[in-house]
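Worksheet for the structure shown next.
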There are 2 protein chains.
Amino acid sequence: MLELAILGFLCDVPLHGYVLRRHIAALTGHVRPVAESTLYPAIKRLEKAGLLARTTEPGAVAAPRHVLTLTEEGRQELRRRLSEPGQREITDENHWFTVLAFLRHLDDPAAQAAVLRRRLAFLEEPASFFYDGDRPLRAEELDDPFRRGVLTIARATSRAELTWLRDTLASLGDVAR
Amino acid sequence: MLELAILGFLCDVPLHGYVLRRHIAALTGHVRPVAESTLYPAIKRLEKAGLLARTTEPGAVAAPRHVLTLTEEGRQELRRRLSEPGQREITDENHWFTVLAFLRHLDDPAAQAAVLRRRLAFLEEPASFFYDGDRPLRAEELDDPFRRGVLTIARATSRAELTWLRDTLASLGDVAR
DNA sequence: GCGCAATACATCGGTGTCGAAGTATGGTGC
DNA sequence: GCACCATACTTCGACACCGATGTATTGCGC
């Protein structure tokens, strides 16, 4: 998720670590802050893997800055991660939103639609948080107001996302089935 | 989050690891599966900390089962974690839902309301995923349909949750301010 | 009688993440 | 002139988490 965000931001324009950090903080920071000591090693990993290159510039205001540029391999890897996301990227909203934030970098509408369809399939299968044996419980069946809240909120999210997914798939020229 | 779920489930009734695993899978598994090799060490941690006790029973169907019971310290720790959740528990929906799933174990309505108010405060402060400088961008201002989706979905979730939060706070006898 | 799934738990190496602290520079307030 | 903050990046130890693999038992289908 973090690596995807790094690749995604650098795909637009070269950045140095500090600005990248602020970009990532804006994207996911209010929900899940990223520590500096997580970001910089992640950058190193990606650099070591040849996905991004670093050129040192004298710091405009402070310490020397490492301007990071996505390599061609990095660009390919970004497209690979976007077109073949892991299951966690599909099911976990935090990860999913990161995929969505950069999905435009996948220039093939069919490939974009394929990713959206995976999320659609996930949302369409009946799943709950609370069960009576194997039977998913509906909000109305719960006494607990807090658990009822979970289902109420999840349902609202799901509904909004299903609508958006179907609309967007249609506008991508995807044939509904 | 995992530890909270373990404590929460065991607060109701003693369970052995395998059943606990299925309970947790039902609660959060469709979004974020928990590996066996994560659950059992977590159980050991909690046991070592004196939060739960283990009694070995001959397995009804297979290997001997370790029936886990929450100790009095465990019960206190659960209440502590519920009444003073970390910031991540408030901001990250995955964690927040786990808190909500067990918030009823906090028997004081005022304490429950205090937790809900923290989430309310978080949702009420203006935050986006995408910015133009410091100014949060609205869905309508985005060209990217996928980023627009993120904002659309997040807004729907936020709206539903705010409604639910205010209703529930009112029914808990909490005075709106 | 054999394979296979489900039950039930344990171990282990690799790695991602975090908190805390450290280094260094330049600008601002007092 | 000095503290303090923002910029910009690094190092380190601790540890939660994961995938793979192992062990053992019971019950089912064929």
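Within every chain, numbering begins at 1; the chains are lettered A, B, ... in the order of the sequence lines, protein sequences first and strands thereafter. Quick caveat, the model's predicted, so the values are computed rather than measured.
- A straight line from CD1 of Ile43(A) to P of dC9(D) spans 7 Å, rounded to a whole angstrom.
- Closest to the Tyr18(B) side chain, of the nucleotides dT17(C), dC9(D), dA8(C), is dA8(C).
- At whole-Å resolution of the value, NE2 in His16(A) and P in dT10(D) are 12 Å apart.
- When heavy atoms are screened at a 4.0 angstrom cut-off, Arg45(B) is found touching the sugar-phosphate backbone but no base atom.
- Note that OG1 of Thr157(A) is 6.0 Å distant from CD of Glu93(A), once rounded to the nearest 0.5 Å.
- A salt bridge is absent between Glu161(A) and Arg155(A); no separation between the charged side-chain nitrogens and carboxylate oxygens falls under 4.0 Å.
- We find that CZ of Arg32(B) is positioned 16 Å from P of dG16(C), with the value rounded to whole Å.
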Table of protein N/O atoms under 3.5 Å from nucleotides 11-13 of chain D N/O atoms:
| unit_1 | atom_1 | unit_2 | atom_2 | d |
| --- | --- | --- | --- | --- |
| dT11(D) | OP2 | Lys44(A) | NZ | 2.9 |

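- At the heavy-atom level, Arg54(B) lies under 4.0 Å from the strands shown only through sugar-phosphate atoms.
- The CG atom of Leu2(B) sits 17 Å away from the P atom of dC15(D) (whole-angstrom rounding).
- Electrostatic pairing of Glu141(A) and Arg135(A) counts as a salt bridge here, judged by a charged N lying under 4.0 Å from a carboxylate O.
- Among residues two or more places apart in sequence or in another chain, the salt bridge (Lys or Arg N to Asp or Glu O under 4.0 Å) test is passed with Arg138(B) by Glu140(B).
- Distance CG/Leu142(A) to CZ/Phe130(A): 6.5 Å, rounded to 0.5 Å.
- Counting only residues at least two apart or on different chains, the salt bridge (Lys or Arg N to Asp or Glu O under 4.0 Å) pairs with a member in residues 20-34 of chain B are Asp92(A)-Arg32(B).
- For Leu20(A) and dA8(D), the CG to C1' distance is 13 Å, given to the nearest whole Å.
- Rounded to 10°, the helix from dG1(C)-dC30(D) to dC30(C)-dG1(D) has 30° between the axis fitted to its first five pairs and the one fitted to its last five.
- Cation-pi geometry between Arg79(A) and Phe102(A) is not satisfied (NZ or CZ under 6.0 Å from the ring centre, within 45° of the ring normal).
- Note: CD1 (Ile24(A)) to C1' (dA8(D)) measures 15 Å, nearest angstrom.
- We find that CE of Met1(B) is positioned 10 Å from P of dC18(D), with the value rounded to whole Å.
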Only distances under 3.5 Å count here; give the side-chain donor-acceptor pairs of residues 35-45 of chain A to other protein atoms, sequence neighbours excluded, each with its distance to 0.1 Å.
| unit_1 | atom_1 | unit_2 | atom_2 | d |
| --- | --- | --- | --- | --- |
| Arg45(A) | NE | Glu3(A) | OE2 | 2.8 |
| Arg45(A) | NH2 | Glu3(A) | OE2 | 2.9 |

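- A salt bridge is defined here as a Lys NZ or Arg NE, NH1 or NH2 lying under 4.0 Å from an Asp or Glu carboxylate O, and Asp12(B) with Arg104(B) meets this definition.
- The interatomic distance linking Leu39(B) (CG) with dT7(C) (P) rounds to 15 Å, in whole Å.
- For Arg166(B) and Glu124(B), the salt-bridge test passes: some basic side-chain N is under 4.0 Å from an acidic carboxylate O.
- Phe122(B) and His30(A) make their closest contact through CE1-O, 3.3 Å (heavy atoms, listed as atom of the first residue, atom of the second, distance).
- A heavy-atom distance below 4.0 Å to DNA chain C is reached by these residues of residues 73-97 of chain B, ordered by number: Arg88(B).
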